[in-house]
Amino acid sequence: MSGTLTLVPTPIGNLSDISPRCAQALAQADFIAAEDTRVTLKLLNHLGIKKPLVSYYEHNKEFSGKKILERILAGENCAQVSDAGSPAISDPGEDLVRLCAENGVLVTAIPGPCAAITALSISGLPTGRFTFEGFLSTTKKNRAAHLKSLEKETRTMIFYEAPHKLTATVQDLLKAFGSERRVSFCRELTKLHEEVLRMTLGQAADYYAEHTPRGEYVLIVEGAAEREEIGVTLEQALERVRTLMGGGSSKKDAVRQVSQETGFPKNTLYDAAIR
Ligand code: SAM
């Protein structure tokens, strides 16, 4: 009979955050798939657990994933851990879960630490609807495309970022969302120097021009104002399109301008204008 894959979250800073159930899952597994076996060994030593470890990380995941699947299909139970937090969330795991699920293996996850949710909950920004954006790409083109796709995003957005890239990222967020957009910098969560800085992107650009970012950060960015909040209905936006066209603008130019002014997508304005 096939074994199982269990995703085991680990502390994002404070070792006391390992839950009894997580420790039990590690102790009961036949083997542990770890992102960095040295990091996991420290945790196992802290818990007094001895267990065979196999490495599973970004650059060996295809080869290692197949080996892990073979062992599970042969009846062994595997616990998967990343360096910190929940496996498969901006961490290795997603592909292993898919591989196991496609091969009929039972996959379970133990709930536990996740930097994104911990940060969101204390950000002071709306938590009712949110999107997880992970790390922005390091290539200029992909990063710009990612931010462009978020231009009209009204939900609260969660970003991960490394400290040495934070200042540049703040500049990019400022360009994308404007200086008045609120942001919370959630730093060193669960650690000695845990801190949440709540400000606007304009203030953040000034702040990080003077302060070097240190430690681990999650950025929580407020979503765009709902269109109703800026007080423009589709009918009013269309009226503006008509006025601009009456003044000599082409339909294309008028739609582009009104889309920028009101936040209505260009397609919506075109379709409505045609109707
Ligand atoms: N899977 C992990 C989770 O569930 O949170 C995330 C792993 S991702 C490779 C690492 C990123 O998570 C860091 O660059 C940082 O943005 C965020 N992070 C991890 N630990 C953190 C902490 N203690 N405080 C703030 N951010 C943290």
Side-chain angles (χ1 to χ4, degrees), residues 5-19 21-22 25-26 32-40 42-43 46 55-61 65 79-98 107-125 127 130-138 143 146-147 150 156-170 172-173 183-199 204 207-208 211-221:
L5 174 70
T6 303
L7 303 194
V8 180
T10 54
I12 57 171
N14 188 326
L15 277 182
S16 305
D17 289 337
I18 190 90
S19 73
R21 197 170 158 226
C22 288
L26 294 173
I32 298 171
E35 182 179 11
D36 183 333
T37 52
R38 291 162 305 180
V39 172
T40 301
K42 276 190 205 147
L43 177 70
H46 170 78
S55 115
Y56 178 85
Y57 65 105
E58 188 54 33
H59 300 293
N60 78 351
K61 66 183 181 189
Q80 200 212 348
V81 295
S82 59
D83 285 353
S86 297
I89 305 299
S90 281
D91 259 345
E94 182 182 341
D95 295 290
L96 188 58
V97 169
R98 186 170 47 243
V107 181
T108 58
I110 301 178
C114 176
I117 297 300
T118 309
L120 175 70
S121 61
I122 56 171
S123 66
L125 293 170
T127 58
F130 60 88
T131 80
F132 176 65
E133 302 300 326
F135 290 96
L136 285 168
S137 170
T138 47
R143 169 178 278 250
H146 188 165
L147 288 171
L150 295 173
T156 299
M157 294 165 273
I158 307 175
F159 296 91
Y160 283 162
E161 193 49 286
H164 62 283
K165 296 191 195 131
L166 189 101
T167 307
T169 293
V170 167
D172 290 343
L173 293 174
V183 56
S184 296
F185 294 88
C186 305
R187 187 175 86 87
E188 293 288 87
L189 297 169
T190 77
K191 302 185 200 175
L192 187 63
H193 298 293
E194 173 171 320
E195 177 181 50
V196 184
L197 293 177
R198 302 177 182 91
M199 51 182 103
Y207 180 84
Y208 286 108
H211 298 81
T212 307
R214 288 188 211 291
E216 297 197 274
Y217 285 83
V218 181
L219 277 61
I220 310 290
V221 181

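Bear in mind that the values here come from a model prediction, so they are computed numbers and not experimental data. When a ligand or atom number is given, it counts from 1 through the structure's own listing order.
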### Query
Charged N to carboxylate O under 4.0 angstrom, K191 versus E216?
yes
#### Entry: Under 4.0 Å to a heavy atom of S90 - the qualifying atoms of ligand 1, by number
7 (C), 8 (S), 9 (C)
### Message
Please confirm whether the ring centroid of F185 lies under 6.0 Å from the ring centroid of Y207.
### Response
no
### Message
I want to know whether Y217 and Y160 have ring centres closer than 6.0 Å.
### Response
no
### For D91, atoms of ligand 1 separated by under 4.0 Å from a heavy atom
1 (N), 2 (C), 6 (C), 7 (C), 9 (C)
### Query
Do any heavy atoms of I89 fall under 4.0 Å from ligand 1?
yes
## Note on the structure
atom 2 (C) of ligand 1: closest protein heavy atom, distance to 0.1 Å, is A84 O, 3.3 Å
### Query
In terms of residue, atom name and distance, what is the protein heavy atom nearest to atom 24 (N) of ligand 1?
L189 N, 2.9 Å
### Query
Which atoms of ligand 1 sit under 4.0 Å from any heavy atom of E161?
14 (O), 16 (O)
### Task
With heavy atoms of C186 as the reference, note each atom of ligand 1 found under 4.0 Å away.
25 (C)
### Task
Check ligand 1 against K191 and write out every atom of the ligand that is under 4.0 Å from a heavy-atom position of the residue.
23 (N)
### Query
Taking all atoms of both residues into account, what is the closest heavy-atom pair of N14 and P11, and its distance?
O-CB, 3.1 Å
### Message
Measuring from non-hydrogen atoms of F135 to any atom of ligand 1, is the shortest distance under 4.0 Å?
### Response
yes
